[in-house]
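Sequence lines set the chain letters: A, B, ... in the order given, protein chains first and strands last, and positions in each chain run from 1. Computed from a predicted model, the values in this text were never measured in an experiment. What you see below is based on every heavy atom in this structure, not just the backbone, and it leaves out hydrogens, waters and symmetry mates.
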Amino acid sequence: MELDKVYEPRRFEPRWAQWWVESGIYTAKWVPGKPVFSLVIPPPNVTGSLHMGHMLEHTAIDVTIRWHRMRGDVTLWLPGTDHAGIATEMIVARQLAAKGIQYRRDLTREEFEAKVWEWKAESGGTIKRQMIQIGASCDWSRERFTMDPVLSRAVREVFVSLHERGLLYRGEYMVNWCPSCNTAISDLETVHEETAGHLWHIRYGDVVVATTRPETMLGDTAVAVNPNDDRYDGLTFVPLPLSDRKIPVVRDEIANVEFGTGVVKITPAHDPNDFEVGKRHNLPLIQVIGQDGKITAAGGKYVGLDRYEARKQIVEDLQALGLIEKIDDHTLSIGKCQRCRTVVEPLVSKQWFVRTKPLAAKAIAAVDEKRIDIKPENWIKTWNEWMLNIRDWCVSRQLWWGHRIPAWYCDACNEVVIAREDPAECPKCKGALRQDSDVLDTWFSSGLWPFSTLGWPEQTDDLKHFYPTSLLITGFDIIFFWVARMSMLGIEFMGEVPFHKVYIHGLVRDADKQKMSKTKGNVIDPLVVNDQYGTDAVRMALVSGAAPGTDIVFTPDRLESARNFANKIWNAARFLLMKAGQEAPAQTAQAITLEDRWIQSRINECAREMNLAIDQFRYHEAAQTIRHFIWDDFCDWYIELKKISNDWGNIIPVFETALRLLHPVMPFLTEELWHRLGAAETDSISLQPYPQFDPALADTGAEREIKLLRDIVTAARNLRAELGIDPKLPLTGTISRDVDAALIERLCGVAFAKGEVPKSGAVRSTPDFDLWIDVPAGQMELQRKRLEKEKDQLIKNIASSKRQLGDEIFLSKAPAKILDSMRAKLADYETQLANVDQALTGQSPGQ
RNA sequence: GGGCGCUUAGCUCAGUUGGUUAGAGCGUCUGGUUUACACCCAGAAGGUCCGCGGUUCGAGCCCGCGAGCGCCCACCA
């Protein structure tokens, strides 16, 4: 059966994608004594669809996974998705809104939850379908979702257990509140942006305060001056404008003598610093901005105004009263909600917090002791920095979609019950209980992912076999959100790190090096390019740019280059099948020729480099190595040599080995061709052994001989091109060494005779050989130019070598190996110069 | 205010512990309808490795200073 002339991935990729899943060959089966390689996916949002970042991540993971599987490890890639609390809630809310339903008003909590599950059933499978399309060799039998009953049980167990261990508490603290998402968010979910603003200087009786948020003055309960600032000695109270209150002047370090007037207004209810000051001085808390971002009843006449409306109004009113002394431009960094970009409002509210300090200490130690080996290593510093300055983690969210907090409150006696099983009544007074209406931060459940997905808290076989996982491959954007939390919780609850290694990959950028984002409109849809170029080509393009610690600039020329490579392999296969037929590999033992020994040595070296590269996450190097082997060594030389000898007996096994080497990167093409070579239908190349380095196959003799042959042929072709001689015109020449002249003639069209090379005319002189080509008269001008240029270079090289070899200090300090090679080099240069000189003088001007 | 990273061919980037002549892909130029492949073949040109200083026999690589760019973290009104 002949192959199509052009590589058409669409004709076979979907078929293999489907078969890989249906055959169940990637279901991990534990076998005693066999090495285990396990990895859990960074769970994509269930709302999501595949973007280029996923494609890169999943390709990197898949390359590693397929490689381990072929090496014979019991290999598990556990897939799944995250319920993505806020994101999903917003999506479903938006859909309901389109139908005129406001969920919090029109639906009960249970009704809304049912709607989300409904939505998940319809649209939650997109990512999975897409992952299957790109060839991700996951174990779908173990697919998990963070809201699965087993995982939810793990969440509850951890929550209750953290509480029992004193690592969880509920309290009224200042949190970041998003008035638009209508929930508290963690510090990590707030992003700070430099924003142009103003600094208003407002007179409070005898003092002037400066503020960037005048509207908060409604809630001021003090002004502060530095204890060392004697300018305000004796001042105890100042009047608060726009109110009839007098507020105390407190002495506190927060006030900077140098800044402005040295007096700072204190709003304990709306600023984290002021909150602390308030606690130190027992100041009352007056909340003047509500959770909806509007002024509360405590704000007097401004009640109901949006905070920015109120700001305008207040400034106007103060100006009318002549109390604004000055307005300066001032850029400040404002915290915004990561999700919706709304400016967060610091608010005091009752939330659940995880005490992270003790957990972080263990995570730092784990990385320090390399029990978690982070690569590239420069991320360790970032890791430590964050862990050392970690603050308690606000884990409650005022949402409906997520793991409901397992805390119950008794309105009768104020008892708080935190329990693994839903309690029926108050254990103290038998009164009715009311469950906390909040849910947990999504990252709380993702933080348990490496063990909750394996069945914990049940002591399952999977947990025993696959935890700790071997490796985590993820992006730097979720190091703190996710990797840090998994590490802390894994160590705490499993007593062991969740993964032995972490590899942090780069970011996919567009041709202008910009981050891809929907708002910028520069996203490349992986499914579109997969369709255009083939999934294998996209994988190859990504992998070939994936050097550790660097971002990946994803450009069309990379894609084309990768697609061309696929086409090259396709055509090589087509040709081999025509020549060598479809006999199963190695049926008849053929005589091993020089080129056979050479290619085996080359592919052996290729295997050595690829194993090393993949093991060290140098994916780009693996890609380059196999490309170079297949294109340059195998196609350009091995096949060409075989055409000459017309001996096709040993070529298929080499090609088959190359397919196996390439398979982790380009799984579809290699699977397809491997079957075209005659493999059984029920078999898969992905289950064949990955080629390993075998010292017995290294053949330096054969490598040297073929290199000599290549150099001679290249030199001859080079001369021919430079002299502008018709490529088809047969030529004669002389060469200084014993060579296979017939073979060389077939390769470059020059019939060489062995002999003393005339040191004149069209000569090429190298350390290994000298050769001369008989040239028709009148075509020497180009050659003369080349020789002169070469002479200049040689003179420079000789001068430089001589200078170094004449340096006493160099001679005494440099190792003998370097000296020897430099002396040999100098001798070569000198011989070559003599040859070139002779060639130049041998040319009479008229020639 | 701290921390991290980048600067190498026209473009996008490699360069593992310092060691002879710094590489790849794409692009450019020259020449090719050799019966696998023009998504191809043969050949070529192209580099002050951001600047300055230092360590060293020897620096793209190590150290210091500087310039430009990017990212992360941070509660100074």
Side-chain angles (χ1 to χ4, degrees), chain A residues 3 5-7 174 187 192 199 209-213 224 254-256 259-260 262-267 271-276 330 332-333 335 346 378-379 381-382 385-386 389 476-477 479-480 507 511 513 515 533 537 541 544-545 547 549-558 560-579 612-613 616 618 620-621 624 627-628 635-636 639-640 643 713-714 717-722 724-728 748-749 793 797 800-801 804 807-815 817-822 824-826 829:
Chain A
L3 265 59
K5 192 168 172 181
V6 174
Y7 163 69
M174 182 130 304
D187 293 336
H192 292 265
L199 198 55
V209 299
T211 179
T212 55
R213 301 196 57 198
I254 188 160
N256 180 349
F259 191 95
V263 186
V264 56
K265 67 194 260 319
I266 303 297
T267 321
D271 181 278
N273 286 318
D274 294 4
F275 180 74
E276 295 303 318
H330 185 75
L332 65 167
S333 144
N378 50 296
W379 288 107
K381 194 157 185 177
T382 309
E385 205 59 37
W386 189 76
N389 298 315
F476 58 82
D477 49 329
I479 291 181
F480 304 138
L507 210 64
K513 296 169 137 188
K515 222 187 261 190
Y533 294 91
S544 61
T550 63
D551 289 343
I552 291 145
V553 179
F554 196 71
T555 54
D557 57 287
R558 258 188 207 284
E560 259 177 53
S561 164
R563 192 266 324 268
N564 294 353
F565 178 53
N567 186 61
K568 183 77 185 174
I569 297 168
W570 184 263
N571 275 287
R574 192 161 77 93
F575 184 62
L576 294 190
L577 286 174
M578 275 160 41
K579 289 295 182 189
L612 206 63
Q616 297 175 350
R618 300 203 308 262
H620 68 301
E621 219 174 278
Q624 199 188 321
R627 183 191 156 94
H628 175 253
C635 291
D636 289 349
I639 291 184
E640 292 306 315
K643 279 182 187 170
V713 168
T714 302
R717 285 170 176 168
N718 183 317
L719 274 181
R720 186 195 275 277
E722 275 180 6
I725 301 171
D726 184 337
K728 288 186 298 281
C748 62
Q793 187 58 48
N797 291 347
S800 142
S801 298
Q804 285 194 69
D807 185 335
E808 290 299 326
I809 308 170
F810 174 65
L811 291 175
S812 64
K813 297 230 175 171
K817 203 176 85 183
I818 299 299
L819 289 177
D820 288 349
S821 64
M822 190 161 290
K825 201 79 226 171
L826 178 59
Y829 289 149

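Considering only heavy atoms from C-beta on, F476(A) stays 4.5 Å or farther from T382(A) through its side chain. A 4.5 Å side-chain heavy-atom check between D636(A) and K568(A) finds at least one atom pair inside the cut-off. A 4.5 Å side-chain heavy-atom check between K381(A) and W386(A) finds every atom pair outside the cut-off. Between F575(A) and K643(A), some side-chain heavy-atom pair lies under the 4.5 Å cut-off. Side-chain contact between P346(A) and D271(A) is absent, with no heavy-atom pair separated by less than 4.5 Å. For the pair V264(A) and N256(A), the minimum side-chain heavy-atom distance is 4.5 Å or more. Considering only heavy atoms from C-beta on, R627(A) stays 4.5 Å or farther from S544(A) through its side chain. Between N571(A) and Y7(A), the closest side-chain pair of non-hydrogen atoms is not below 4.5 Å.
Counting any heavy atom pair closer than 4.0 Å across all strands shown, C748(A) reaches no nucleic acid atom. Among the heavy atoms of the strands lying under 4.0 Å from K643(A) is at least one base atom, whether or not backbone atoms are also near. Among the protein residues, D636(A) comes within range of the sugar-phosphate backbone only, with heavy atoms under 4.0 Å from sugar or phosphate atoms but none that close to a base. Across all strands, V263(A) comes closer than 4.0 Å to no nucleic acid atom at all (heavy-atom distances). As judged by a 4.0 angstrom heavy-atom cut-off over every strand, P815(A) is placed among the base-contacting residues. Here S812(A) lies out of heavy-atom contact (under 4.0 Å) with every strand. When heavy atoms are screened at a 4.0 angstrom cut-off, R563(A) is found touching base atoms of the nucleic acid. At a threshold of 4.0 angstrom between heavy atoms, the contacts of N256(A) include nucleobase atoms, whether or not backbone atoms are also involved. Nucleic acid contact for Y829(A): base, since at least one base atom lies under 4.0 Å from a heavy atom of the residue. Among the heavy atoms of the strands lying under 4.0 Å from T211(A) are primed sugar atoms or P, OP1, OP2 only; no base atom is included. Residue contacts for I552(A): at a heavy-atom cut-off of 4.0 Å it reaches no nucleic acid atom on any strand shown. Residue contacts shown for A566(A) are absent, as no nucleic acid heavy atom lies under 4.0 Å away. Within 4.0 Å (heavy atoms only), T382(A) reaches no atom of the nucleic acid at all. The residue T714(A) sits close only to the backbone: its heavy atoms come under 4.0 Å of sugar-phosphate atoms, none of a base.
Put simply, CH2 on W386(A) is 9 Å from P on A74(B), counting in whole angstrom units. Atom P of nucleotide C76(B) and atom CZ of R213(A) are separated by 14 Å, given to the nearest angstrom. One interatomic measurement links the two molecules: CZ of R717(A) to P of U34(B), which rounds to 14 Å at whole-angstrom precision. Here C37(B) presents its C1' atom at 14 Å from OH of Y7(A), a figure rounded to the nearest Å. Put simply, CG on L507(A) is 15 Å from P on G70(B), counting in whole angstrom units. As a whole-Å value, the separation of N564(A) CG from C37(B) C1' is 10 Å. Taking atom CG on N567(A) and atom P on C37(B), their separation rounds to 10 Å, with Å as the unit. Taking atom CZ on F810(A) and atom P on G19(B), their separation rounds to 13 Å, with Å as the unit.
Nearest to the side-chain atoms of K825(A) among the listed nucleotides U20(B), U12(B), C57(B) stands U20(B). Nearest nucleotide to the side chain of A814(A), out of A74(B), C72(B), C57(B): C57(B). Counting only heavy atoms from C-beta on, R574(A) has its side chain closest to A36(B) among A36(B), C73(B), U12(B). Nearest to the side-chain atoms of R558(A) among the listed nucleotides C13(B), A14(B), A36(B) stands C13(B). Side-chain atoms of N378(A) lie closest to C4(B) of the nucleotides G15(B), C4(B), A24(B). Nearest to the side chain of A721(A), among C37(B), A74(B), G43(B), sits G43(B). Here the side chain of D557(A) is nearest to one of G19(B), C37(B), C26(B), namely C26(B). Among A36(B), U16(B), C13(B), the nucleotide with an atom closest to any side-chain atom of A572(A) is A36(B).
Stem regions annotated for RNA chain B: B:1-7 with B:67-73, B:10-13 with B:23-26, B:28-32 with B:40-44, B:50-54 with B:62-66, counting only runs of 3 or more consecutive pairs of Watson-Crick or G-U type with both contacts under 3.5 Å.
Between the C1' atoms of U28(B) and G64(B), the separation comes to 41 Å (whole Å). Taking the P atom of each, G53(B) and U20(B) are spaced 24 Å apart, rounded to whole Å. Across the P atoms, U8(B) and C13(B) are found 9 Å apart, a figure rounded to whole Å. Annotation: U16(B) and U34(B) have their P atoms spaced 42 Å apart (nearest Å). Taking atom C1' on both G58(B) and G70(B), the two are 34 Å apart, rounded to the nearest angstrom. For the P atoms, the distance from C69(B) to C26(B) is 33 Å, rounded to whole Å. Using atom C1' as the reference point in both G51(B) and G10(B), the two lie 22 Å apart (nearest Å). Using atom P as the reference point in both C62(B) and C4(B), the two lie 15 Å apart (nearest Å).
Both H330(A) and K728(A) lie near RNA chain B, and the one whose nearest nucleotide falls closer to the 5' end is K728(A). Each of L332(A) and I809(A) was matched to the nucleotide of RNA chain B holding its nearest heavy atom; the match closer to the 5' end belongs to I809(A).
For the residue pair T212(A) and H330(A), the shortest heavy atom distance occurs at CG2-CD2, 3.7 Å. Closest heavy-atom contact between A255(A) and A224(A): CB-O, 3.7 Å.
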Where do N567(A) and V6(A) land on the side-chain contact (heavy atoms from CB on, under 4.5 Å) test, with the steps shown first? CA-CA 7 Å; N567(A) 186 61; V6(A) 174; 4.1 Å; yes
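Between the side chain of E640(A) and the base of A36(B), at least one donor-acceptor pair of N or O atoms lies under 3.5 Å. A donor and an acceptor atom never sit less than 3.5 Å apart when one is taken from the side chain of K381(A) and the other from the base of C4(B).
Residue N389(A) places no side-chain N or O under 4.0 Å from the OP1 or OP2 atom of A74(B). Remark: K5(A) is in phosphate contact with C37(B), judged by side-chain N or O atoms under 4.0 Å from OP1 or OP2. OP1 or OP2 of G25(B) has not a single side-chain nitrogen or oxygen of S544(A) nearer than 4.0 Å.
By the salt bridge (charged side-chain N to carboxylate O under 4.0 Å, His left out) test, R213(A) is found to be paired with E215(A), E345(A), residues two or more places apart in sequence or in another chain being considered.
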